[in-house]
Amino acid sequence: MTVLRSGSATDVGRVRSSNQDLSLEAPNLYAVADGMGGHAGGEVAAQVAVDALREAFARHATLDGLRQAVGEANAAVWRQSQQRVELRGMGTTLTAAALVAGTDGRDVIALANVGDSRAYLFSGGRVTQVTADHSLAEEKVRHGELTEAEAAVHPHRHILTRALGVAAGVEVDLWELHLQVGDRLLLCSDGLTNEVDPAGIAGVLSEVADPTDAARHLVAMANEHGGNDNITVVVVDVLVGDGAGAPQGLTTTA
Ligand code: MG
């Protein structure tokens, strides 16, 4: 058995007039969506995606169920954008993590990503980026045309090569993570990562124990560094783990 505890924070930032980010904390399901599209489009896309994700995952709470749920979220946003002319062209990023039974029967975290929101794993005092951005700048890094440092300030870093809801189907990146007690998973929109570097993120995650406080602290840091975009952070802590990390003497039932 694995027990998780989570906290989140979101803020419009210091430049934008509306917050088109959205976070989700549901039983064993966590997500960040960063909507895009003029007027209400971005907000609608993020809300439709998160609602569809939650409903679909509740019906099929497995690794494959998470993949299907992201597909259903894509279809739901795409359908609305086709039905309402004022929402045409809307889309959203979606980074989602779920606690599911792994292929070996032990609990694992299933992670799915489309777009440039990110998931980081904080373990043993170090932070590691798990997801790969679907942005023009990151594709250039993968092809050796840009360094990570160049990509971080590249004018094309915000141009997405993949987003949810902009076509009838979508390709989804998936991971299966085996977490230990004490590990922390961070989901965030680019409003955090454009303002705060991984060392800054690691510093907060190592110093602030409560997940809600940690999320609020990270959002405040992003605002101090400029707050040029909406900022959303979800922190998920592993309190009790499955397997090697489980405390001795604990009764575990999978
Ligand atoms: Mg953003």
Side-chain angles (χ1 to χ4, degrees), residues 8-25 30-51 53 70 73-74 77 81 87 89-97 111-120 127 129-141 146 148 151-166 170 172-173 185-198 200-201 204 214-235:
S8 68
T10 189
D11 191 73
V12 67
R14 300 173 70 175
V15 174
R16 302 289 176 93
S17 57
S18 67
N19 191 348
Q20 304 197 329
D21 281 4
L22 195 63
S23 65
L24 170 69
E25 292 175 86
Y30 309 91
V32 165
D34 177 350
M36 66 203 78
H39 292 296
E43 277 174 81
V44 173
Q47 189 70 60
V48 169
V50 164
D51 289 348
L53 176 85
V70 174
N74 182 80
V77 175
S81 78
L87 298 177
M90 71 175 177
T92 183
T93 73
L94 186 63
T95 304
L111 180 67
N113 184 55
V114 176
D116 70 350
S117 295
R118 290 181 181 173
Y120 288 87
V127 73
Q129 186 178 334
V130 182
T131 52
D133 296 351
H134 300 134
S135 69
L136 218 50
E138 279 302 317
E139 299 225 331
K140 287 184 193 293
V141 171
L146 282 182
E148 283 287 356
V153 294
H154 196 276
H156 289 170
R157 68 185 183 278
H158 302 300
I159 298 177
L160 295 187
T161 51
R162 230 193 276 176
L164 199 89
V166 298
V170 69
V172 182
D173 290 350
L185 189 68
L186 175 88
L187 309 181
C188 63
S189 63
D190 65 337
L192 176 70
T193 50
N194 285 333
E195 311 287 7
V196 182
D197 65 13
I201 292 171
V204 171
R216 286 181 183 153
H217 201 105
L218 287 165
V219 167
M221 262 174 94
N223 272 326
E224 282 160 22
H225 293 186
N228 286 294
D229 194 2
N230 306 149
I231 311 143
T232 300
V233 176
V234 178
V235 177

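In this chain, numbering begins with 1 at the start of the sequence shown. Counting convention: from 1, in listed order, for ligands and their atoms alike.
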Between N194 and D190 (side chain of the first, backbone of the second, donor and acceptor by atom type, cut-off under 3.5 Å), is there such a pair? yes
Decide yes or no on salt bridge (Lys or Arg N to Asp or Glu O under 4.0 Å) for R162 and D173, but give the supporting numbers first. CA-CA 11 Å; R162 230 193 276 176; D173 290 350; 3.1 Å; yes
Verify, without hydrogens or angle tests, whether E43 (side chain) and G35 (backbone) share a donor-acceptor contact under 3.5 angstrom. no
For the atoms OD1 of D190 and OD2 of D229, give the angle they form at the Mg ion (ligand 1), rounded to 10 degrees. 90°
D116 backbone or side-chain N/O/S under 2.8 Å from the Mg ion (ligand 1): no
Looking at the Mg ion (ligand 1), is there an N, O or S atom belonging to D34 that lies under 2.8 Å away from it? yes
Carefully, step by step, assess T232 and D21 under the rule side chain to side chain donor-acceptor pair (under 3.5 Å). CA-CA 6 Å; T232 300; D21 281 4; 3.0 Å; yes
